[in-house]
Amino acid sequence: MKIDVLTLFPAMFAGPLDESIVQRARKNGVLELAVHNLRDYTHDRHKTVDDRPFGGGPGMLLKPEPIFEAVENLGGEKTRVILLSPAGRKFDQAIARELAAQEHLLLICGSYEGFDERIRENLADDELSIGDYVVTNGALPAMVIIDAVTRLLPGVLGDDESSLDESFSRELLEYPHYTRPADFRGMKVPDVLLSGNHAEIAKWRAVQARKRTEERRPDLLK
Ligand code: 4GY
């Protein structure tokens, strides 16, 4: 899969995507990632990417010309062009799976007060939000989406890493996990997990996952 990112803060992407599973996917050629500075698609002396809203009001908007030009340069037939802003549909594991099936994503990070509406209406295929809060710009949201999508690409996760996706595939939270020591400062691991009775252990885990989901995330059961 190819992912292009359009941002005013390309330096923010150094680090998170150079580690761990995403870095491994890049090295293996499963993910081809390129981060582009929106200012490189301007033509004026000041590299202007923003302007004041018609009708007045506070703040600045991302102007259409550099973003249209960038998409025309970077995009093709099979590109899914995605805006990132709090006004988008809420990103979740189902959308991550949907995106992981695409050939080419072009993620456009929001900045300032947001986008000129014509970008939304005439250029974007989709608009996504990572949650109902506002961060300073779309770089962190883009990295969240890239990370969640990359780990779903075929061949990226090894067998023992894959299991974590199951809790959301089953749409339940994970049951409680314990490792050694069996008694840490008097805090004991539940006896059933030390019993060696695998049927009982599976039953206990299913009950715990259900209980935890009911308590913390009843919305997942609806
Ligand atoms: N939440 N999900 C988000 C965000 C920064 C003001 C529009 C989010 O995706 N992006 O908070 N982005 C804002 C800042 C203008 C983008």
Side-chain angles (χ1 to χ4, degrees), residues 1-19 21-22 31 33-42 46-71 74-75 79-102 104-153 165 168 216-217 219-220:
M1 162 180 256
K2 173 96 195 279
I3 303 181
D4 285 294
V5 184
L6 201 53
T7 173
L8 286 174
F9 304 100
M12 285 183 69
F13 289 78
L17 306 177
D18 298 329
E19 298 282 347
I21 290 165
V22 176
L31 172 68
L33 177 72
V35 179
H36 309 270
N37 192 334
L38 180 59
R39 290 198 195 278
D40 294 343
Y41 297 89
T42 60
H46 298 107
K47 301 187 188 287
T48 311
V49 293
D50 61 332
D51 207 340
R52 291 157 33 216
F54 279 120
M60 300 289 272
L61 296 171
L62 288 168
K63 62 200 266 89
E65 300 95 316
I67 295 185
F68 271 77
E69 184 163 325
V71 172
L74 300 169
T79 307
R80 178 103 167 246
V81 179
I82 301 173
L83 301 185
L84 303 179
S85 95
R89 45 179 194 131
K90 188 92 60 75
F91 183 68
D92 62 14
Q93 195 68 14
I95 297 176
R97 285 187 210 108
E98 181 191 320
L99 298 186
Q102 305 284 317
H104 183 204
L105 305 180
L106 174 42
L107 304 179
I108 307 179
C109 302
S111 278
Y112 308 112
E113 298 308 304
F115 301 94
D116 180 289
E117 191 63 18
R118 291 164 292 188
I119 298 166
R120 196 166 266 134
E121 288 190 333
N122 301 290
L123 201 59
D125 299 309
D126 207 346
E127 183 164 356
L128 296 177
S129 166
I130 62 161
D132 292 337
Y133 43 83
V134 181
V135 295
T136 51
N137 65 75
L140 289 167
M143 287 186 262
V144 166
I145 289 171
I146 292 165
D147 187 292
V149 169
T150 299
R151 59 189 292 292
L152 299 180
L153 298 176
D165 191 42
F168 269 107
R216 300 187 187 183
R217 294 295 307 279
D219 57 299
L220 293 180

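Since this is a predicted model, take the numbers as computed values, not measurements. Note: hydrogens, waters and symmetry copies are ignored here, and every other heavy atom, side chains too, is used. Just so you know, ligand 1 is whichever comes first in the structure, and atom 1 is the first atom listed for that ligand. Residue numbers run from 1 in the order of the sequence given.
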Visitor: State, with a plain yes or no, whether a side-chain heavy atom of Ile67 is found less than 4.5 Å away from one of Phe115.
Guide: yes

Visitor: Enumerate the protein residues lying less than 4.0 Å from ligand 1, judged by heavy-atom distances, in chain and residue-number order.
Guide: Leu84, Ser85, Pro86, Gly110, Ser111, Tyr112, Glu113, Gly114, Leu128, Ser129, Ile130, Gly131, Tyr133, Val134, Val135, Asn137, Pro141

Visitor: Heavy-atom count around Glu19 CD within 6.0 Å, excluding the residue itself: above 12?
Guide: no

Visitor: Would you find a donor on one side and an acceptor on the other, under 3.5 Å apart, between the side chain of Asn122 and the backbone of Arg118?
Guide: yes

Visitor: So, using salt bridge (Lys or Arg N to Asp or Glu O under 4.0 Å) as the criterion, who are the partners of Arg89 when residues are at least two apart?
Guide: Glu98, Asp126

Visitor: Please examine the side chains of Leu8 and Asn137, heavy atoms only from C-beta on, and report whether any two atoms are closer than 4.5 Å.
Guide: no

Visitor: Would you mind checking if Asp92 and Lys90 are paired as a salt bridge, meaning a charged N to carboxylate O distance below 4.0 Å?
Guide: no

